[in-house]
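Note that ligands are numbered from 1 as they come in the structure, with each ligand's atoms numbered from 1 the same way. Positions are given from 1, in the same order as the sequence printed here. This structure is a prediction, so every number in the text was calculated from the model and none was measured.
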Amino acid sequence: MSQTKPFEIPCAELEQQELFAGKVLALNEDHLRKTGRRRLACTRTYGCQANVADGEKIRGILHEIGYEFTDEPDEADFILFNTCAVRENAEDRVFGNIGALAHLKKENPNLIIAVCGCMMQQEHIVEKIRKSYPYVGLVFGTHVVHRLPELVYRALTEHKRVFDSTQSDGVIAEDLPVVREEGSKAWLPIMYGCNNFCTYCIVPYVRGRERSREPDAILREARQLVADGYKEITLLGQNVNSYGKNLPQPIRFSQLLRMINDIPGDFRIRFMTSHPKDATRELIDTIADCDKVCNHLHLPVQCGSDEILRRMNRGYTCEQYLELVEYAKKRIPGLSLSSDIIVGFPGETYENFQGTLKLIEAVGYDLLYTFIYSKRVGTKAANYDDPVDPKEKSRWFRELLEVQAKIGRANFEGYVGQTARVLVDGTGKKEGMLTGRDEHNILVEFEGPPALIGSFADVKITQAHQAALVGSLKAPQDTEAEHNPRPSDSSADRIQ
Ligand code: 5AD
Ligand code: SF4
């Protein structure tokens with residue numbers, strides 16, 4: 001079935017929000033006239049990049065309705081937590097942080113404390129906020145971000161708590177304002193929601209059905225980002241490989257990648273997340289062909305046991321996964337791979353876990369993002385028997401980290417002597433040092449002038465550390481020679 005109108009927000013609703021935006025702006029301007037200072041908002045976002053991208057829209061709207069920003073909760077008039085529900089520890093952190101604000105609300109009864117995001121799409125969590133956190137004045141879920149002007153207006157004027165956790169298959173709201181995080185990297189959502197229902201995962205329940213943005217809207221935004229000087233664009237979706245399948249005019253993710261690659265300018269393209277069940281050879285060929293697409297593939301395998309993969313509802317076997325990796329390694333010289341792993345899925349045995357160790361050794365990932373299974377209310381796996389002691393799971397987890405540390409270390413050693421093109425994003429801990437990420441998203445530290453922050457620098461890698469590479473800045477003339485290598489040099493000395 002192709003994607004039709006249900007996901008689009010009717011124009012009339014967006015126009016109504018503009019009216020509310022005008023009303024809040026007027027209230028905030030009034031506050032400025034009376035007090036001599038603008039109202040300040042302090043926002044915190046937890047969790048994945050999709051949430052970060054939502055947080056940027058929320059800040060865009062807050063800015064539009066007259067708020068300025070502060071990082072200090074105790075000087076804010078509006079504090080917002082944009083929450084993540086993927087694992088229990090993320091939720092615990094949010095509750096801890098909300099709890100710590102009780103005294104601020106006592107000191108300043110006009111303070112609005114707002115909580116939004118994935119956690120607020122879960123009934124039991126909203127109930128807990130309702131009952132145990134009476135000073136939280138505004139609660140809203142992932143499907144109503146575009147209604148923020150109205151919600152803030154009500155919170156400011158109604159003197160009662162405002163809740164909106166509308167359940168929905170999800171929406172697409174184009175043209176919302178965005179205040180991006182500082183720096184030269186931008187997140188660009190290309191699709192929302194997820195239809196995969198991996199049995200451990202809460203995302204499909206809190207972010208609605210899979211829906212793709214129109215390629216024209218994405219390209220317009222990408223062109224604008226390049227024109228604004230962004231040097232790295234990361235295309236976001238829970239499963240980018242199924243991008244465009246349900247659009248009225250279906251299009252494949254690989255086609256979209258090629259279109260973005262054709263935008264003129266010196267920038268690089270990343271994407272996440274790529275679900276192995278939908279990753280194709282065409283995708284690999286596209287990465288190989290497109291000069292701006294980083295030679296890095298984040299391909300979350302989750303575990304290395306076919307039985308557990310089946311019970312996770314992942315839709316591939318270890319053999320299929322390894323076949324694709326094999327093809328990718330052959331097709332893309334210098335490819336860097338990373339993955340997500342869950343340890344201790346309900347019913348996983350030590351033998352199953354050994355399969356994971358075998359698989360990560362066979363692939364040789366540069367980086368792994370590792371998690372202990374966290375039970376999520378409402379998911380299928382929450383009903384599975386989970387007999388293994390948490391302490392035992394922690395032992396397996398530590399074993400995984402040790403094995404990966406060796407693999408990563410050996411890979412990192414392999415980068416020594418190569419030249420990495422680093423997008424410089426800040427200063428290091430030691431004076432005079434800069435940090436940035438190479439095209440594999442590996443942290444690189446080197447000595448250099450702060451003027452380089454926000455641009456690309458060629459860095460000769462000299463040392464490999466546990467979680468970072470260390471190098472020295474190449475003089476521009478060396479760099480030039482390398483940018484024009486003799487044919488026989490090919491790209492042997494370059495990481496990318
Ligand atoms: N427990 C532990 N890890 C999880 N992830 C998703 N859901 C859970 C869960 N219930 C991990 C997966 C996913 C990453 C974003 O988070 O590895 O790829
Ligand atoms: Fe969760 Fe699976 Fe969807 Fe990823 S693909 S968001 S792990 S359900």
Exercise. Do ligand 1 and Tyr373 have nitrogen or oxygen atoms that lie under 3.5 Å from each other?
Worked result: no
For this session: Determine, for Arg130 against Glu127, whether the closest basic-nitrogen to carboxylate-oxygen distance falls under 4.0 angstrom.
Result: yes
Exercise. Going by an N to O cut-off under 4.0 Å, is there a salt bridge joining Arg180 and Glu232?
Worked result: no
Problem set entry | Lys/Arg-Asp/Glu bridge criterion (N-O < 4.0 Å) met for Glu326, Lys329 | no
Exercise. Can you list the atoms of ligand 1 that are under 4.0 Å from a heavy atom of Val86?
Worked result: 5 (N), 6 (C), 7 (N), 8 (C), 9 (C), 10 (N), 16 (O)
For this session: Could you check atom 7 (S) of ligand 2 against the protein and tell me its nearest heavy-atom contact, residue, atom and distance included?
Result: Tyr200 OH, 3.3 Å
For this session: Begin from the C-alpha positions of Tyr327 and Glu323 and carry the test side chain to side chain donor-acceptor pair (under 3.5 Å) through to its verdict.
Result: CA-CA 6 Å; Tyr327 179 74; Glu323 238 175 54; over 6 Å; no
For this session: Take Ser212 and Ile190 through the side chain to side chain contact (heavy atoms under 4.5 Å, CB included) test and state the conclusion after the steps.
Result: CA-CA 6 Å; Ser212 299; Ile190 61 167; over 6 Å; no
Problem set entry | Derivation and outcome, side chain to side chain donor-acceptor pair (under 3.5 Å), residues Asp340 and His298 | CA-CA 8 Å; Asp340 295 346; His298 182 65; 3.1 Å; yes
Seminar exercise, completed: Numbered in order shown, the ligand 1 atoms found under 4.0 Å of a heavy atom of Gln302 are 12 (C), 13 (C), 17 (O), 18 (O)
Problem set entry | Within reach of ligand 1, part of Tyr200 (heavy-atom separation under 4.0 Å) | both
For this session: Please work out whether any backbone atom (N, CA, C, O) or any side-chain heavy atom from C-beta onward of Ile372 is under 4.0 Å from ligand 1, and answer side chain, backbone, both or neither.
Result: backbone
Exercise. How close does the nearest protein non-hydrogen atom get to atom 11 (C) of ligand 1, and which residue and atom is it?
Worked result: Arg87 NH1, 3.2 Å
Exercise. Hey, are Lys406 and Glu402 close enough for a salt bridge, meaning a charged N less than 4.0 Å from a carboxylate O?
Worked result: no
Seminar exercise, completed: Under 4.0 Å between heavy atoms, the region of Lys375 that gets near ligand 1 turns out to be neither
For this session: Give every residue pair that meets the salt bridge (Lys or Arg N to Asp or Glu O under 4.0 Å) criterion with at least one member in residues 358-380, sequence neighbours excluded.
Result: Glu91-Arg376
Seminar exercise, completed: Quick look: Ile342 vs ligand 1, heavy-atom contacts under 4.0 Å, and the answer is side chain
Exercise. So which protein heavy atom does atom 14 (C) of ligand 1 come closest to, and at what separation?
Worked result: Asp340 OD2, 3.5 Å
Seminar exercise, completed: Heavy-atom closest pair (Pro189 atom, Arg213 atom, distance to 0.1 Å) is O-NH1, 2.9 Å
Problem set entry | Around atom 2 (Fe) of ligand 2, number of protein N/O/S atoms which are nearer than 2.8 Å | 1
Problem set entry | SB check Arg258 Asp285 (cutoff 4.0 Å) | no
Exercise. Are any of the N or O atoms of Arg376 closer than 3.5 Å to those of ligand 1?
Worked result: no
For this session: Verify whether one side chain among His275 and Ser242 offers a donor that lies under 3.5 Å from an acceptor in the other.
Result: no
Problem set entry | Close side-chain approach of Tyr135 and Ile98, heavy atoms under 4.5 Å | yes
For this session: Starting from atom 10 (N) of ligand 1, locate the nearest protein heavy atom and write down its residue, its atom name and how far away it is, to 0.1 Å.
Result: Ser374 O, 2.8 Å
